[in-house]
Structure formats: structure tokens, C-alpha cells
Amino acid sequence: MTSPAPETTHALAFTPEDLPTAESFFQPHRILLMAIFATLVVYVSWSMRWDWLPQYLPKLGWGIVVTLAMLFSTSILGFLLAVPLGLVQVTGPWPLKAFAKTFCTIIRGTPLLLQLWLLYYGLGSLFPQFPAIRSSFLWPYLRESWPYGVAALTISFAAYEGEVMRGAFAGVPAGELEAARAFGMSRWTVFRRIWLPRAIHRALPTLTGETVLQLKSTPLVATITVLDVYAIISKVRQDTFLTYEPLLLLALIYLCLTGILVLAFRKLENRIPTRGA
Amino acid sequence: MADPAPFINWSLLALSPPGWGSVLLSGLINSIQIAIGGYSLGLLLGVGGAFGKLYGGPILRDLLECYTTIVRAVPELVLILLLYYAGTDLINQFMGLAGLPAVDISGLAAGIFVIGVVQGAYSTEVLRGAIKAVPSGQIEAARAFGMSPVKVMTRITLPAMLPYAIPGLSNLWLIATKDTALLAVVGFSELTLVTRQAAGTTKAYLLFFCAAGVLYLALTLVSNVFISIIERRARRGLAEAA
Amino acid sequence: MTDPAQAIAVTDLHKRFGPLEVLKGVSLTANQGDVIAIIGGSGSGKSTLLRCINMLELPTAGSVSIHGETIAMKKDGRGGLAPSDRKQVERLRSQLGMVFQSFNLWQHMTILQNVIEAPVHVLGRPKDEAIATGEALLRRVGLFEKRDAYPAFLSGGQQQRAAIARALAIQPLVMLFDEPTSALDPELVGEVLAVIGDLAKEKRTMILVTHEMKFAREVANHIVFLAQGKIEEQGPPDEIFGAPKSERLKRFISSIH
Amino acid sequence: MTDPAQAIAVTDLHKRFGPLEVLKGVSLTANQGDVIAIIGGSGSGKSTLLRCINMLELPTAGSVSIHGETIAMKKDGRGGLAPSDRKQVERLRSQLGMVFQSFNLWQHMTILQNVIEAPVHVLGRPKDEAIATGEALLRRVGLFEKRDAYPAFLSGGQQQRAAIARALAIQPLVMLFDEPTSALDPELVGEVLAVIGDLAKEKRTMILVTHEMKFAREVANHIVFLAQGKIEEQGPPDEIFGAPKSERLKRFISSIH
Amino acid sequence: HAEQIKVGFAAEPYPPFTSPDASGNWEGWEVDFQKAVCAEAKLDCVITPVAWDGIIPALTSKKIDIIIGSMSITDERLKTIDFSDKYYNTPTGVIGAKGAKFEPTPEGLSGKTIGVQVSTVHQVYANKYFGENGATVKEYQTQDEANQDLAAGRLDAVQADSIALDAFLKSDQGKDCCELEGMVKDDPAILGAGVGIGIRKGEDELKGKLNAAIKAIRENGTYDTFSKKYFDFDIYGG
Ligand SMILES: Nc1ncnc2c1ncn2[C@@H]1O[C@H](COP(=O)(O)OP(=O)(O)OP(=O)(O)O)[C@@H](O)[C@H]1O
Ligand SMILES: Nc1ncnc2c1ncn2[C@@H]1O[C@H](COP(=O)(O)OP(=O)(O)OP(=O)(O)O)[C@@H](O)[C@H]1O
Ligand SMILES: [Mg+2]
Ligand SMILES: [Mg+2]
């Protein structure tokens with residue numbers, strides 16, 4: 001499996017470098033372009049139908065909350081899985097290593113949509129056949145659709161981020177780990193205080209890209225009846241039979257979410273400056 | 001379960017009806033066609049976009065920046081819907097304005113168009129990075145020998161950037177193959193949709209989704225073999241892993 | 001001024017980078033067979049002068065003629081000049097063989113491919129003819145065995161010799177060298193200087209920017225000392241090195257020894 | 001053999017990397033207040049010896065005692081030794097302050113965080129106490145102003161001084177230096193040697209591997225000359241440098257001057 | 001020669017109206033109906049499966065030309081598209097898990113989760129009558145998914161066209177898990193006046209041709225002939 005070169009992830013996702021600076025807006029041609037753009041916006045909002053908007057506003061707000069909840073829960077859970085996945089690929093015994101590698105290859109080699117449906121329709125339809133599951137405390141959750149969405153997105157994030165963490169763990173200079181051991185740190189302390197934070201530090205720029213990619217994956221859960229912002233907009237489309245307006249609004253919403261996410265990550269990255277790279 | 005039938009009914013995958021194997025395979029071929037078409041279109045857009053971003057005027061640069069930013073910040077699923085409905089509609093409106101008859105855009109063409117536009121933005125970024133990685137002295141030397149700008153691009157810049165671009169472009173290919181699955185949501189008969197149809201009709205969900213997974217995985221693994229061959233060829237001129 | 005015996009004539013050349021005027025009116029003539037060495041302190045504008053000759057750097061004012069043909073220039077509206085005929089520039093460039101400090105060999109081509117690239121794709125020579133000439137040149141600079149290797153696998157000295165062969169392959173009217181040895185480890189300098197020395201013996205027209213004073217004195221028939229964007233002094237090597245007139249040149253020479 | 005006045009005692013140490021026997025029975029004692037300089041040609045095993053002392057490299061045979069306490073070892077089944085009590089090794093390591101050739105500062109922490117890391121997270125000192133000690137140490141090596149900078153933004157000499165402060169922060173019984181200046185530019189070497197010289201004046205126990213012979217002669221009270229994995233000669237600096245006995249040492253010393 | 005007309009319908013199994021077979025062909029009552037109408041109206045029809053939730057945008061943006069996909073004629077839809085005369089009309093049913101007896105009324109479904117397909121009259125109906133009276137309405141992209149979730153126990157009930165439900169209850173899976181709870185109270189304003197062919201607004205000539213064709217196959221017996229293959233009652237309704 002070719003591991004994704006970090007620069008590719010950057011190419012795929014919007015990263016902090018892509019944010020325009022404030023002063024860059026005030027170049028003559030930019031002002032012209034913005035004027036044209038503003039006219040376009042005015043025209044669009046004038047000629048298109050937006051009367052449905054007030055009615056759906058509360059639902060949209062809720063949908064955004066669901067989307068963000070999906071994003072954060074699956075990124076965090078996925079990252080927690082990614083750390084061991086990356087680590088065992090660097091130092092683990094071979095069965096674990098092989099398992100992690102196979103896992104990452106399979107997940108990265110198949111479409112997320114398919115994984116999602118496999119979990120929801122495939123696995124989900126097996127559960128009720130076992131009375132033990134049906135009567136267990138888990139059943140109320142297994143009846144819902146969001147656990148499947150969370151599971152699929154988490155697994156996917158873990159596999160992609162696991163590759164990144166593998167590179168990050170392997171890339172921590174051996175000397176720094178040796179220095180830690182020379183100071184009498186136990187293996188766990190070395191990992192907790194030096195190896196892990198240093199690896200995360202190295203992986204942070206890539207992590208930004210991966211998180212944006214994860215945000216871009218969340219709307220897939222709408223296909224299994226999770227009511228995220230995409231599902232709400234789908235509902236608007238079906239209720240109003242409008243083709244463009246809801247989708248344009250949706251694109252705008254994701255654009256804003258991405259922008260905010262990237263800004264937040266830039267803050268985080270700036271906390272530990274790196275030189276050069 | 002009251003049903004004593006075998007847990008997995010492999011005959012459902014047989015190549016001739018009543019097995020669904022041939023349907024899955026034709027879905028796979030559709031997927032591959034779209035992936036190849038979309039990837040190629042994306043590459044064309046990417047070459048244009050990268051050169052435009054690097055050497056174009058300020059307005060072109062800004063427009064391209066908008067293009068890549070929007071595509072990279074908005075989910076593929078949303079883009080696919082927008083492009084699928086709006087893109088082809090706009091083309092026909094333009095044709096109407098130009099007094100031409102409305103073109104009949106086939107599903108395949110629409111799919112290629114949609115994937116191509118998305119891939120184009122990614123390729124633009126990958127290629128731009130790769131071109132920037134070519135040492136400027138190489139291009140200057142070409143100019144010093146009297147090469148015209150077109151010659152410089154075709155003889156020096158494009159081939160010299162390949163080793164830097166290939167890892168990124170390989171990833172884009174793998175992404176293109178998987179993004180075709182998203183066309184399922186607009187009803188295009190690629191592998192994922194026919195899988196769902198087969199699963200829905202036969203109720204053998206697990207079996208068919210796993211089968212499709214194996215097909216996608218095989219596509220990825222086969223691609224990887226070719227990618228590593230290409231990569232090795234392209235890196236010939238580079239002394240050490242850059 | 002447009003005398004075809006003059007391989008290169010530079011007239012009153014000015015070059016300005018934003019607020020910094022790097023060349024402040026330089027005139028220079030290289031007749032056929034001349035070997036001109038340009039010397040001077042760091043930042044004095046030597047590279048800039050050389051790069052203006054083949055228009056890699058566009059001058060702010062002044063003119064350049066190659067083999068009696070003046071490069072047509074027009075005002076570019078931003079206070080500088082731009083060539084009015086791109087084709088002419090490309091044609092004239094292909095008569096100048098430039099060797100860069102950092103070699104700038106094309107990394108995606110083998111040494112031989114580097115050498116035949118311009119003859120085939122700029123001058124339109126038949127490929128087998130170009131290969132024959134190219135191999136002869138590579139043999140001459142001692143790199144025949146390496147013709148199918150990629151540049152990255154060669155030492156700096158070998159790369160610079162390949163770059164010289166590449167420049168010779170277009171059978172240039174004039175060879176331009178910009179500090180061809182300063183990116184090399186000391187032990188590799190000699191092999192490159194030897195090749196350049198051979199070219200000088202053949203009476204090939206050359207303009208070279210160099211920090212190797214001993215070498216300049218040996219091979220050049222004319223030395224140009226550039227200081228702060230002007231030609232401070234020029235003349236035959238013995239005069240320049242043996243009896244420098246200007247204070248600056250005296251200081252420069254003593255600082256080197 | 002287990003005398004607490006002996007800060008470090010190495011007995012008949014062997015170390016083998018596959019077919020290559022790097023240390024062939026080395027014994028060495030450092031009493032409290034000793035400054036021992038290990039010298040020798042490249043590949044003679046100096047670094048390996050130093051790294052065996054704190055078990056960064058596991059010896060094939062022999063024993064190491066620190067402050068009279070012998071590190072318990074057991075056969076590892078592959079013809080080597082392994083510590084039988086990991087906790088003991090960790091505890092003893094935390095009494096040795098090691099300074100590496102390439103600094104190995106933790107890049108994700110500021111200088112001060114580097115310095116207080118081991119006191120707080122290995123020795124369990126209270127954080128504010130560690131900060132007070134750490135700041136005092138940084139002031140001492142002249143880096144108090146840089147305490148909140150990240151290592152990547154410091155010069156090599158500053159990084160090495162920070163690494164020394166980091167090693168001192170655990171109030172080590174012995175300081176171990178492995179060529180602390182050889183990764184530095186010549187003009188930065190002096191500032192690091194000055195700091196080490198100060199430590200020597202305080203009679204701090206130190207073992208240092210160095211190529212700076214003049215410095216070794218000045219600060220060390222005992223010189224160990226290692227050749228081909230054995231101690232070829234040892235003694236006070238004046239004897240070793242002034243009247244070398246063995247042929248090898250004579251050759252080594254003359255090769256350096 | 002006849003102009004080509006793209007006939008859109010949901011790209012999902014919706015037996016017995018439209019479902020794909022193992023060779024990738026579509027079959028079912030509605031496929032037969034479409035063939036008969038097109039033959040009668042001398043139209044060169046091409047079967048074009050599309051995503052159900054985008055089927056009206058697909059029609060308005062000319063990706064397809066008509067919809068023959070069990071689409072009920074409702075006032076809401078008539079704002080955007082036009083319809084031919086109805087070509088079938090059947091009551092609306094509710095099914096539930098075997099043994100879980102309840103009435104398909106607002107009271108009977110209160111507190112339960114009911115599944116419907118999006119963009120259908122059932123979605124509107126269920127939201128109005130059940131959703132506002134204490135039931136949770138879950139909306140699915142396809143009818144098949146809703147049925148599947150009922151079988152998987154993730155739903156308590158599914159509301160849909162009674163014939164589509166009947167086909168499901170007759171399938172292996174449906175037989176085991178589920179049964180019909182009854183028909184819902186009719187509300188013609190929502191449930192519409194039957195199923196018609198969806199047409200873009202303003203294409204009156206096409207609409208006239210289709211209406212004539214529907215009338216003709218009803219009268220010449222073609223309609224009854226192919227209907228008999230699927231149903232033992234008159235699907236055209238009153
Ligand atoms: N592209 C440029 N933009 C701005 N300033 C430049 C540029 N190229 C050169 N300069 C400046 O012009 C001055 C002359 O540069 P030039 O390279 O010609 O000097 P040089 O005589 O070749 O020096 P050296 O011996 O160091 O190569 C320098 O101050 C340099 O910084
Ligand atoms: N981890 C290792 N694996 C194999 N061989 C090693 C290893 N570490 C050191 N060696 C070999 O052991 C020998 C001694 O190495 P050591 O680093 O101790 O030498 P040194 O005296 O410190 O030399 P220098 O002055 O160059 O640092 C060398 O031949 C080296 O190649
Ligand atoms: Mg220069
Ligand atoms: Mg060493």
C-alpha cells in the first residue's frame with residue numbers, strides 16, 4: 001500500500017496555508033472580483049427561491065450540530081484507535097503488525113460508502129437474528145442508525161490516520177528516545193512524555209488535512225437515515241423540489257465549517273512552532 | 001431463523017443468471033470507466049490549473065484559487081449532486097444561448113464530468129506542488145538554450161516534475177476509483193449501486209457488500225502494483241529518496 | 001556597432017532590481033576568438049551582466065548585439081525593456097552556450113540525452129547526427145562511459161563537464177561560464193578547469209565569470225574588473241594583475257592573494 | 001568491588017555487534033570527583049563503552065556498578081546479557097547525566113520544559129521546585145533568556161548548553177559526555193567547553209569522550225586511551241600526553257598535533 | 001421516426017412494480033406498463049433508473065423526460081411538474097412485525113417508530129397523522145431500505161403502497177418477519193388521486209399523447225393482460 005504522502009493530503013484538504021490573509025484582499029483586481037461576486041450573490045438571492053429558509057432554520061441548526069458531533073466523536077475515537085494502529089506497525093510483534101497493516105489496507109482500499117452500508121444493512125440485519133442481542137442492553141442502540149455511522153467513520157479515520165501515525169512514530173529521531181531512556185524513564189513514561197507527543201507534533205499538519213477530509217465524509221451517514229445537515233438539506237430538496245438553492249446553501253455551510261476548523265487547527269499548530277518545514 | 005437454507009448462498013455470485021456475478025462485474029467495469037475518464041479529465045484540468053496558478057495573471061490565479069478551495073472544502077457528495085444536476089443543466093443552457101441543440105448527456109459522461117471536476121482541483125494542487133519542486137535552474141537552463149515556452153513545458157517542466165507528482169497522482173487515482181461509489185446516490189449504475197440493487201432484491205446484504213468490497217480492494221491492490229512500477233521508472237533520475 | 005566580427009557587443013547596459021541599480025552602464029565587446037574573464041567582488045554584478053547577455057535577465061536600458069545582430073527591445077511600460085521579438089531571442093540564445101555555477105543538468109534525462117536535447121529539439125538536427133556529435137563531445141570531456149547515467153549519480157566535477165559538453169553541443173558562437181567551479185569541492189575543480197583551458201587553446205570565444213584568478217590570468221586574453229555595477233578597469237591579464245591602476249582593483253587583487 | 005566511594009566501576013566489559021567485537025574486556029574505575037577523558041581513534045569503541053555504562057548498549061559480558069551498586073544482569077539466551085531488573089536500571093540511569101553528541105533535546109518542549117522533564121517525571125520532584133532549580137541551571141549556562149524558546153530555534157552551541165543543563169537538573173552522581181562538541185561549528189565549540197570546564201573545577205565526577213586533546217589535558221585528572229576495544233594506556237594527563245609509552249598512543253598523539 | 005424519451009424511475013428494487021433481475025434488466029408491472037404505453041404512443045422509450053430523491057430535479061433539468069415510477073399525483077407536486085391521468089390507484093397500508101398487533105391509526109402508532117420512503121405521499125401522510133401524534137417517523141431513500149429496517153427490528157412499522165407492501169410480505173424475508181396491520185384512513189388531499197406519469201410543465205403535446213395511450217391500452221385490453229401476470233384484482237382502482 002503506498003502510504004499517502006503528506007503533501008497529497010494537503011492537496012486534498014483545505015489546510016491553514018490556504019487561508020487568505022486580511023491584507024491580501026485589498027488588491028485592485030481582488031476588489032473587482034469581489035464586486036462581481038457580490039453582484040452575483042445579490043442576483044442569486046434575488047432570482048432564486050429562499051422562502052423555505054426560515055421554516056427550516058431550526059432544523060438546519062440541529063443538523064449542523066449532528067454533523068459536528070459526528071465529526072468530533074469519530075475523529076477523537078478514530079485517533080485513539082490510530083495511535084495503537086500506528087504504534088504496532090512500528091514496534092509491534094509481527095501478528096499485530098500484520099493485523100494493523102491488513103486492516104489499514106482493507107479500509108483504505110474500499111469506499112467508505114460501501115463500508116457504511118455493509119455495517120448498517122449487512123451487519124445490522126444480522127443482529128436481530130440473535131435473540132441474545134435482541135434482549136441485551138445494547139439493542140436500543142443497535143436499533144438506531146447513528147452507532148453504525150459513528151462506527152464506520154471511526155474505523156475509516158483510524159485506518160487513514162493510522163498510516164499517518166505510523167510515519168510519525170517512525171519519524172521521531174531515535175536520539176530523542178534514547179535521551180529519554182538515558183534519564184531513567186520507564187518505557188511507559190518514554191511513550192507518554194516523549195514519543196507520543198513528539199509524534200503528534202509531527203503529524204499535526206497532516207492531521208488537519210485528515211480532519212477536514214473527515215468532515216467531508218460525514219454527509220455519507222445521511223444515506224443510513226442519520227439526520228445531519230446534509231440530510232436536512234436533502235429533505236428541503238424533496239419537500240420543495242428545488243434543485244440548486246438548498247445545495248448551494250449546503251456548500252456554503254460546509255465551506256464555513258471547513259474554514260472554522262482550519263482556523264482552529266492553525267491555532268493549535270502555532271502553539272509549538274517548528275522551524276523550516 | 002426458520003429458514004434452514006445455508007448461511008451463505010454462494011450461487012448468488014455466479015456469473016450467469018440467476019447469479020448476479022455478471023451484474024456486479026459490469027458495475028465494476030462502469031466504475032473503472034468513470035474512474036479512468038474522470039481521472040484523465042481531472043489530469044487535463046490539473047495541468048491547466050497548475051500552470052494557470054503558477055504562471056497565469058492575477059485574475060486567473062484567483063479564479064483557480066476559488067475552484068480548488070471550494071472543491072477541497074466541500075464534501076464530494078455535495079459537489080457530485082451540484083455538478084450532476086446543475087453542471088449538465090448549465091451546459092445545456094449555454095448550448096441553448098449559443099443556439100445549439102441541447103446535448104444529450106449520458107450518465108457515463110455526467111459521471112466522468114463530475115469526478116473529473118473534483119479530481120481536477122486535487123490534481124491542480126498536486127501538480128502545482130510538483131512543478132514548484134523542479135529546481136528553477138533546470139528551467140532557466142532550458143531557456144538559455146533557446147527553447148520556446150511550449151518546448152520548456154513539454155520537454156523539461158512536465159517530465160522533470162513527474163517524480164514529484166507521481167505519489168500524489170497515484171493517491172488521486174485510488175481516490176478516483178473509490179469516489180465513483182458516490183455516484184450511487186445519483187442513481188448511476190456503478191459497482192456500489194448495482195451491489196445495493198442485488199442485495200436489495202436477494203436480501204443477501206452481507207454477501208454482496210463483501211463481494212463488492214473484495215472487488216474494490218482488488219482494484220486498489222492491482223493499481224498499487226502498477227503504481228510501484230511507474231514510480232520506480234519515474235524516479236530513475238533521482239539519486240536518493242527526496 | 002553592428003559588426004559581425006564582434007561576437008558579442010554590450011552597449012551601456014543598465015539593470016535595476018527595484019531600488020537597487022546593479023549595472024550602471026556597462027559596455028563590453030568580445031571579438032571572435034576572445035577569452036574574456038570577468039572578475040570582481042561579490043555582488044558587483046558579474047552574474048547579472050552575463051545573464052543579461054542572453055536575456056535571462058532583462059536589462060533596464062542599453063542594448064546587446066550577438067554576431068552583429070542587435071536584440072530588438074521595446075519599453076515594457078514598467079520602466080524596463082522587453083524583447084519585442086521572442087523568436088529572435090530564442091534564436092540568438094541558441095547560439096550562446098551557457099554553463100551555470102550549479103550545472104543545471106536536466107535530472108530526468110541521461111547525460112547523453114542532456115547533450116542532444118538542444119540540438120534535436122531547438123536546432124532541429126537529426127537525432128543520430130546529434131548522438132554522434134554528442135558522444136564525441138562526451139568522449140572529449142572524458143564522460144563517454146557515463147553517457148547513459150543520470151546526472152544525480154555523477155560527481156559535481158563530472159556534472160559540470162557534462163554541462164560543458166551540453167553547451168558545446170549546439171556549436172555555440174560564444175560560450176558563457178558563470179563561476180563554473182565555485183560549486184565544486186576543491187579536488188574536483190581541476191578537472192573542470194582543464195576542460196575549459198583546452199577550449200581556450202582552441203581559440204573558442206568565451207566569456208567567463210570566475211574567482212580563480214590564477215586560471216583567469218592563464219587562459220584569458222582580456223580581463224574585465226567589475227566594481228559596483230561599473231567596469232572599473234579592463235585590459236590584458238598582465239596589466240590587470242601585474243600593474244593594476246585603480247585603488248579598488250589593487251585592493252581586490254591583494255585581498256585574494 | 002562494590003565500594004560506594006567508587007562512582008562508577010566497570011569490570012571486564014565485553015561488547016560484540018554480531019561478528020565484530022568492539023569491546024574486548026575493559027575495566028575502569030571513576031572515583032568521586034574524578035574527571036576521566038576517554039580518547040582514541042575512530043571506531044575504537046569509546047562511545048560504546050560510555051553507552052554500556054548506562055545500559056543504552058547491553059554488554060555481552062562483564063559488569064557495571066554505580067555508586068557501589070552492581071547492575072544485576074542475566075543471560076538473555078542469545079549469548080548476551082540483559083538486565084534482570086528493569087526498575088533498577090531505570091533508577092540507576094536517573095543518577096547518570098548523559099550529554100549526547102547530537103544534543104537530542106526534545107523538540108516538542110521548550111528549553112525549560114526539557115530541563116524539568118526528568119526531575120518531575122522521573123524523580124517525582126514538585127514542579128515549582130524543579131522550575132526554580134532549572135532556571136538557576138539555565139542562568140548558569142547562560143540560557144536563562146532562552147528558557148521559553150524551542151530547541152529548533154537555538155544555535156548548536158546553545159542547544160548543547162541546554163542539554164548540559166538538562167543533564168545537571170537530575171543532580172547526577174556522574175556526568176557522561178559523548179563528544180559534546182563534535183557536532184558544533186568551530187566558533188561554537190568554545191562556549192560549550194567553557195561550561196564543561198567550570199563543572200570540572202567544581203570537582204564534579206565526569207566521564208567524557210572527546211577529540212579535543214588540549215581540553216582533555218586541561219580538565220581531566222585521568223586519561224584513558226582506548227585502542228581496538230582495549231585500554232591501551234591510562235594515567236594522568238601529563239604522563240599520557242607528555243610521555244606516552246605505547247607505540248599506538250605515540251602515533252595517535254602525533255597524528256593529532 | 002419516433003423521438004427518444006427517457007423514462008425515469010427509482011434505481012432501487014420496488015417489487016412488483018420495478019426491480020432488477022440477475023442479468024441487470026428491469027422488470028415488473030410498471031415496466032410492462034411503460035412498454036405498452038410507449039408502444040401505443042409510438043414513443044421510443046429508454047429505461048433510465050435514477051435516484052428517487054432527485055427524480056423531480058432530474059426531470060426538470062432534462063436528465064429524464066417522463067417519470068413512470070409509482071408517483072402519486074399530489075397538489076404539492078403539481079406546483080413543480082405536471083402529470084398524465086392516473087394509471088393505477090391503490091390504498092395505503094401499514095405493516096409491522098409479526099405478532100405486534102396495533103391499529104394503523106394515530107393512537108395505535110403513538111410511541112412507535114414508523115418508516116416511510118422520502119418524497120412520497122406516505123412521508124407527508126405519516127408526518128401529519130402519526131408524527132404529530134407521538135410517533136417517530138424515519139425517512140428512507142428507498143422503500144427497500146425501510147422494509148429492511150423493519151425486518152431488522154429497527155422499525156416498528158412501515159407505511160407504503162399496499163401492493164408494494166404485499167409484495168414484500170410475500171417474499172421469503174417478509175413472510176418470516178412481518179404482517180399487514182391494515183389500511184390507513186384515506187386523505188385524498190395528501191395521498192392523491194392515484195399514480196400518474198410525471199411530465200415537465202408545458203409539454204402538453206406529450207401529455208396528450210400519453211393520456212391517449214393510457215386510455216387506449218385500458219380499452220383494448222392490453223392493460224388487463226399484463227396486469228393479470230401480477231395481480232388478481234383490478235389495480236386501476238375506482
Ligand atoms: N533577481 C534578483 N532580484 C533582486 N536582486 C538581485 C537579483 N539578482 C541579483 N540581485 C542583486 O544584484 C546584485 C548583484 O548580483 P550578482 O549576482 O550579479 O553579483 P555577482 O557579482 O555575480 O556576485 P557573486 O560573486 O556573489 O556571484 C546583488 O546585490 C544581488 O543581491
Ligand atoms: N549498533 C551498532 N551495530 C553494529 N555496529 C556498531 C553499532 N554501534 C557501533 N558499532 C561499531 O562499533 C565500532 C565502535 O563504535 P563506537 O561508536 O563505539 O566508536 P567510537 O570510538 O565512538 O568512534 P567515533 O570516534 O567515530 O565516535 C565501530 O566499528 C562501529 O561501526
Ligand atoms: Mg554570481
Ligand atoms: Mg563515538
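Here is the naming used below: chain letters follow the sequence lines, and residue numbers restart at 1 for every chain. Scope of the values below: all heavy atoms of this structure, side chains included, with no hydrogens, waters or symmetry mates.
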Pick from B:P163, B:A234, B:A160 with the largest number of heavy-atom pairs that fall under 4.5 Å of chain C: B:A160

Region of C:R166 that comes under 4.5 Å of a non-hydrogen atom in chain B: both

Check each atom of C:L92 against the heavy atoms of chain B and say whether the ones under 4.5 Å are side chain, backbone, both or neither. neither

Looking at C:L56, C:N54, C:V89, which makes the most heavy-atom pairs under 4.5 Å with chain B? C:L56

Interface check, chain B: of C:F100, C:F103, C:W106, most non-hydrogen pairs under 4.5 Å belong to C:W106

Give the intermediate values and the outcome of side-chain contact (heavy atoms from CB on, under 4.5 Å) for residues C:M55 and B:R143. CA-CA 9 Å; C:M55 297 286 141; B:R143 292 207 290 136; over 6 Å; no

Within a 6.0 Å radius of atom CZ on B:F226, are there more than 12 heavy atoms belonging to other residues, nucleotides or ligands? no

Note: vs chain C, highest number of non-hydrogen pairs under 4.5 angstrom among B:G137, B:S148, B:G146 is B:G146

For residues 170-177 of chain C against chain B, heavy atoms under 4.5 Å, the residues are C:I170

Just to be sure I understand the criterion: a residue of residues 108-121 of chain C counts if one of its heavy atoms is under 4.5 Å from a heavy atom of chain B. Which ones qualify? C:H108, C:M109, C:E117, C:A118, C:H121

Whatever's closer than 4.5 Å to a heavy atom in chain C on B:P135 counts as neither

Hey, is NZ on B:K53 packed in by over 12 heavy atoms from elsewhere, all under 6.0 Å? yes

Using a cut-off of 6.0 Å, state whether more than 12 heavy atoms not belonging to B:F94 lie near its atom CZ. no

In plain terms, say whether B:K151 and C:E90 are close enough for a salt bridge, that is, a side-chain N and a carboxylate O under 4.0 Å apart. no

